[in-house]
Amino acid sequence: MQLAPVGLGSGGTSNLNGFPQGGVNQREALGGMLEDGIASIDGLKSNELSQLKRGLHVDFSDAKLMELLKSNSLDIASTQLLFNIGNGIVGNIFERKDGDVPHAQRAAYMLRKILQVIELRFSNQAEGMKNQNNLFKAREEKYQSRMNALESLAVGTTEENEVVTGWVQQLKFTLQLEQNKFEEKKKLEDQDFSQLKKEKVRNEIEISALKQELEMVKRMHGGQVLQLELQANESKAEYEKKIQELERHLANARKQVKDLEAFSESRYFNWKNKEHAYQSFLNSQHRAIQKLRAGMRSIKNEVVKTKGSYMEEFKYFGTKLKGLAEAAENYHKVLAENRKLYNEVQDLKGNIRVYCRIRPFLPGQSKKHSTVEFVGDDGDLIVSNPLKPGKESRKHFKFNKVFDQATSQEEVFIDTQPLIRSVLDGYNVCIFAYGQTGSGKTYTMSGPNLSSNSDWGVNYRALHDLFHISQSRKSSIVYEVGVQMVEIYNEQVRDLLSSTDPQKRYPFS
Ligand SMILES: Nc1ncnc2c1ncn2[C@@H]1O[C@H](COP(=O)(O)OP(=O)(O)OP(=O)(O)O)[C@@H](O)[C@H]1O
């Protein structure tokens with residue numbers, strides 16, 4: 001009898017790994033939850049996928065969600081990756097505060113799809129575990145029946161018994177090994193299963209929390225949408241109003257632009273005309289400037305020539321001026337000499353001169369009663385009075401000169417003028433009038449009428465002459481003039497120009 005070792009044959013329906021052939025491998029059934037080898041997911045870039053695997057944040061746009069909804073790659077993605085995607089979508093909804101309801105709806109649909117995949121995975125895992133338990137039980141029963149058959153065979157011949165005992169020992173050993181391996185695997189799978197159960201509970205909690213959040217977001221977004229719609233309606237009405245206003249402004253602006261265009265066109269023509277005028281004016285100015293330049297050049301030449309001739313003339317005048325300065329110096333010497341001679345002549349004529357002026361009869365006086373008998377040219381005067389006795393009836397007087405009744409004021413002054421001019425050469429001169437009351441002293445010295453130059457007396461004529469001469473000599477001599485006026489009455493001398501004391505008496509201090 002040929003016995004093949006149990007479990008070592010190749011035609012059995014089960015292998016020693018303890019997993020049914022052609023069935024769902026438990027690790028595969030876990031959907032790569034423990035390790036994730038997926039390389040790509042439709043709608044996600046490779047860097048976004050690697051970020052999601054590491055649990056980092058990724059932005060889920062509308063386009064990305066659409067791609068993910070269409071994609072089949074979620075079915076082969078790990079559960080952890082699916083959770084990360086779910087978390088990312090929920091986080092993205094919270095980040096978007098714009099109340100985009102279609103986006104929230106798509107996100108909710110996506111989350112539902114992820115939940116379905118996870119739930120399907122858990123149900124598959126539970127089914128696989130159940131099948132495996134059944135297989136293990138059937139296999140145990142099978143091994144038990146074989147053991148029984150072998151034990152009954154052991155009751156045969158010794159040789160056969162020995163062989164069989166050997167087989168049994170080997171079989172037991174193999175069975176023990178298989179049992180140990182199975183125990184270990186079962187232990188591991190139990191651990192995995194309990195871990196999965198825990199994770200399922202955790203995930204269910206997380207999913208319910210996500211659902212609540214989603215509901216809350218939906219409610220919040222509903223409110224926001226309503227508010228936004230209200231705002232949108234208000235804004236629309238406002239914008240329509242603004243648009244109407246803007247259209248009105250635009251119409252006004254267009255009208256203004258047209259007006260401005262017309263105005264600027266007329267201004268343009270005006271400016272064009274002005275430009276022509278200015279251009280012709282500029283041309284004429286340019287021609288005039290050319291002429292002026294030519295004139296200026298000739299004037300320059302002339303100026304240069306004139307300058308030359310001026311220089312020569314200056315030289316000439318310089319020499320002449322020198323001569324004149326010398327002449328002026330000589331003139332001063334001559335003048336001084338003349339003055340000296342002049343004053344000597346005055347001295348020779350006599351330092352004290354006595355003139356006599358005969359007053360004409362006043363209106364109403366009889367001309368028959370005149371006592372003047374003779375008036376000589378050399379100063380002789382004979383006065384006769386028949387009423388007086390002897391020599392007293394006829395008297396002869398001798399003066400430097402006698403002015404008769406017809407002598408004018410000017411003639412009287414001309415005789416005294418040289419003497420008065422000696423004052424300007426440093427000589428003292430004194431003129432005084434003497435005579436009885438009404439004899440004509442004031443008439444001779446001051447004059448009867450000051451408004452008429454011809455009536456001016458000696459005083460006014462003398463001052464006028466002195467000021468005139470001092471003015472003509474001002475380039476060479478500066479004269480200082482002082483005036484003093486006194487009254488002598490009853491042997492008392494009184495200062496008539498005193499501003500402080502009108503009764504001031506001589507001697508003045
Ligand atoms: N030469 C003259 N020609 C014309 N009239 C004259 C002449 N001299 C004097 N008279 C006149 O005689 C009058 C008296 O003259 P005047 O007042 O000059 O005298 P008097 O000497 O100054 O007198 P008194 O001493 O009283 O002041 C005046 O009316 C004056 O006009």
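In listed order, ligands and their atoms are each counted from 1.
- Distance check, rounded to the nearest 0.5 Å: CD of Glu213 to CG of Leu111 gives 10.5 Å.
- Here ring pair (Phe, Tyr, Trp, His ring centres under 6.0 Å) pairs that include residues 370-417, with residues two or more places apart or in two chains, are Tyr355-Phe403.
- A salt bridge links Asp425 and Arg473; the closest N-O separation between the charged side-chain nitrogens and carboxylate oxygens is under 4.0 Å.
- No donor-acceptor contact under 3.5 angstrom links the side chains of Gln409 and Asp455, judged on distance only.
- With Asn283 contributing its side chain and Gln279 its backbone, the two residues share a donor-acceptor pair below 3.5 Å.
- A donor-acceptor contact closer than 3.5 angstrom is absent between the side chains of Ser439 and Arg359.
- Among protein residues, Arg357, Arg359, Pro360, Leu362, Gln436, Thr437, Gly438, Ser439, Gly440, Lys441, Thr442, Tyr443 come within 4.0 Å of ligand 1, judged on heavy atoms.
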